[in-house]
Amino acid sequence: MTSGTDRLRSRLLPNTAPWRSSRDFRLTWTSGTVTLLGSVFTMTAIPLQIAHLTGSPLAVGAVGAVELAPTVLFGLYGGVLADRADRRTVALVTEVALAALSALLLANALLGTPAVWPLYLAAGLAAAIQGLQQPSVEAMIPRLVPHDQLVAAGALLSLRWSIGGVAGPAAAGLLIATAGLPAAYLVDLATFLLSIALLARVRPIPSERDAEPPRLREFTEGARYATRRPDLIGTYLADLAATVLALPTALFPFLAEELDAVWALGLLYSASAAGSLIAAATGGWTERVHRHGRWVLLSTALVGAATATAAVAPGLWAVVLCLIIAGGAHWIGDTFRSAIWNQSIPDELRGRAAGLEMLIGSAGPALGDLRAGGLAARQGIRAALGTGGLLCLGSSTVLSATLPALWRYDQRDHRHEQQLKHQHRPEHPQRRHQHEHPQHQTPEPTP
């Protein structure tokens, strides 16, 4: 009985092997979790403070517009930087810069009459800094854990986002309501200081390329590589299908009103994150899956089906259940997309690929809000919800038919690794050996 329980637990619970085998992964994971939880406080406080100071919904909505351009521009450059510079150093320096912005927001909030412009300035600068940082942080992972633990590492990273998405907003709202806005910025600053201390203990992760100043046009090399990989393009398109077509966040305030449950708006917002958290907490089975591309497509189809079902769900709790299922399915897709990216993209292109992934991840929800809002204005809330879900489901079917390379993708097939070793690392067999075994970080010194 006990052995059966143990087997069931091992099949469901996340595999913590990356935590146990890699000190640097533990430090990086913990640092990122601390940063995420603290940042949620600021992301909650800035719109609320703008609303208090201006009383204008348009002024609150303008925060997204301020963040978009820096995210795109600096995300592109951040991908190039991740392939040229020491990735740990980039992550650490940008973390210090983000801490300085939190200090600026705290100082502004403590003024007798806080100014509005520092809030927009901080939002724009934070988007730029995060654009520089995220590709390096994501590109660190294949260098921190063994190749056969990358799926487990991706699941643990997804678990971090799920925890932050569920716990962060609730804690931030409670703190702001009881202690005021400055307390939110103070918490964010404190978490940054802790995160910096943890990240500083991670050993350097230098670039394997020649130390030259990064150039933005180098990003096109990563884009050209992606276009030669139909399976890789398919992962990007599947992600866009889920976020553009079946991420109805902009509809939630109106959906809550239509359901006569304005009190449950927060519940709608957190349902998807709750689904991701449930999937992450029971996602141990993902490590035993080898056909990652197939599960990317199936999870996208499930996201669409759950969203379309929410459009005809009879009441609040049925809608919430559909959103939880959609969130869990999206977590599964993200886990296998991350595994494909980390296992099959060469290290010297990983930063630029991470920059492209970040742009897709940022653009998808923004375009999804635009699509959902525009369609709802013409056809109604339920129609916008259902149409997006059905289109997402149909997109998964089309991708399965037109990109068979993604459907057939199997992590046990190492042909991409073999091809890339010849294309990108022909000059030194020792470095090729390192790519096969990411746990070996630096070449042995020449005697």
Side-chain angles (χ1 to χ4, degrees), residues 22-43 67 69-107 118 121-144 157 160 185 187-216 218-219 222 347-359 361-362 441-442:
S22 173
R23 167 185 175 274
D24 288 333
F25 180 80
R26 289 196 302 273
L27 290 170
T28 303
W29 190 93
T30 306
S31 171
T33 302
V34 170
T35 294
L36 174 62
L37 290 172
S39 296
V40 170
F41 283 78
T42 291
M43 288 188 292
E67 293 173 336
T71 297
V72 172
L73 179 59
F74 287 89
L76 289 173
Y77 190 76
V80 177
L81 187 62
D83 288 333
R84 284 291 188 186
D86 185 304
R87 292 167 183 170
R88 193 285 305 261
T89 300
V90 173
L92 187 58
V93 170
T94 51
E95 199 79 349
V96 171
L98 289 169
L101 289 180
S102 293
L104 170 65
L105 290 168
L106 175 60
L121 176 64
L125 289 176
I129 295 168
Q130 288 166 351
L132 292 174
Q133 180 188 70
Q134 188 170 332
S136 288
V137 172
E138 292 185 5
M140 286 169 64
I141 303 305
R143 301 275 295 274
L144 297 180
L157 292 171
R160 178 180 72 188
Y185 298 129
V187 168
D188 193 20
L189 177 58
T191 58
F192 272 124
L193 296 178
L194 176 57
S195 173
I196 290 167
L198 292 169
L199 202 55
R201 298 178 61 194
V202 176
R203 58 184 167 75
I205 306 178
S207 170
E208 295 187 353
R209 306 178 69 191
D210 295 333
E212 299 176 4
R215 297 180 295 274
L216 186 58
E218 292 181 48
F219 181 80
D347 185 75
E348 61 265 30
L349 291 172
R350 189 65 193 95
R352 280 162 286 180
L356 180 60
E357 293 150 18
M358 190 195 72
L359 293 182
S362 301
Q441 304 298 328
T442 55

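All heavy atoms count here, side chains included; hydrogens, waters and symmetry mates do not. Index from 1, following the sequence.
Side-chain atoms of Asp83 come within 3.5 Å of backbone atoms of Arg352 as a donor-acceptor pair (strictly under, hydrogens ignored). Between the side chain of Ser22 and the backbone N or O of Leu144 there is at least one donor-acceptor pair closer than 3.5 Å. For Arg84 (side chain) and Gly79 (main-chain N/O), no donor-acceptor pair under 3.5 Å exists by modelled atom type. No donor-acceptor distance shorter than 3.5 angstrom exists from the side chain of Ser31 to the backbone of Leu27, with no hydrogens or angles considered. Judged purely by atom type and a 3.5 angstrom limit, Arg88 uses its side chain to pair as donor or acceptor with the backbone of Val202. Side chain of Arg87 to backbone of Val137: no donor-acceptor contact under 3.5 angstrom is found. Although no hydrogens or angles enter the test, the distance criterion places no donor-acceptor pair under 3.5 Å between the side chain of Ser195 and the main chain of Thr191. When atom types are taken as modelled, the side chain of Asp86 and the backbone of Ile205 share a donor-acceptor pair closer than 3.5 angstrom.
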Starting from the C-alpha separation in whole Å, work towards a yes-or-no answer on side chain to side chain contact (heavy atoms under 4.5 Å, CB included) for Gln130 and Thr71.
-> CA-CA 7 Å; Gln130 288 166 351; Thr71 297; over 6 Å; no

Test side chain to side chain contact (heavy atoms under 4.5 Å, CB included) applied to Trp29 and Leu157, step by step = CA-CA 7 Å; Trp29 190 93; Leu157 292 171; 3.8 Å; yes

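The closest side-chain heavy-atom distance from Ile129 to Phe74 is not below 4.5 Å. At least one side-chain heavy atom of Ser102 sits under 4.5 Å from a side-chain heavy atom of Phe192. Asp24 places a side-chain heavy atom less than 4.5 Å from the side chain of Arg203. Under the 4.5 Å side-chain criterion, counting only non-hydrogen atoms from C-beta, Asp188 is in contact with Ser39.
Shown here is Arg201, whose CZ atom has no more than 12 heavy atoms of other residues, nucleotides or ligands within 6.0 Å.
Summarising the geometry of Ala99 relative to Leu189, their closest heavy-atom pair is O-CD1, 3.4 Å, with the distance given to 0.1 Å. Of all heavy-atom pairs spanning Ala123 and Glu67, the tightest one is O-CG, 3.7 Å. Between Val90 and Ser136, the closest heavy-atom pair is CG1-OG, 3.4 Å. Considering all non-hydrogen atoms of both residues, Pro135 and Gly131 come closest at CD-O, 3.1 Å.
With sequence neighbours left out, Gln133 forms a side-chain hydrogen bond (donor to acceptor under 3.5 Å, both in side chains) with Thr94, Glu95.
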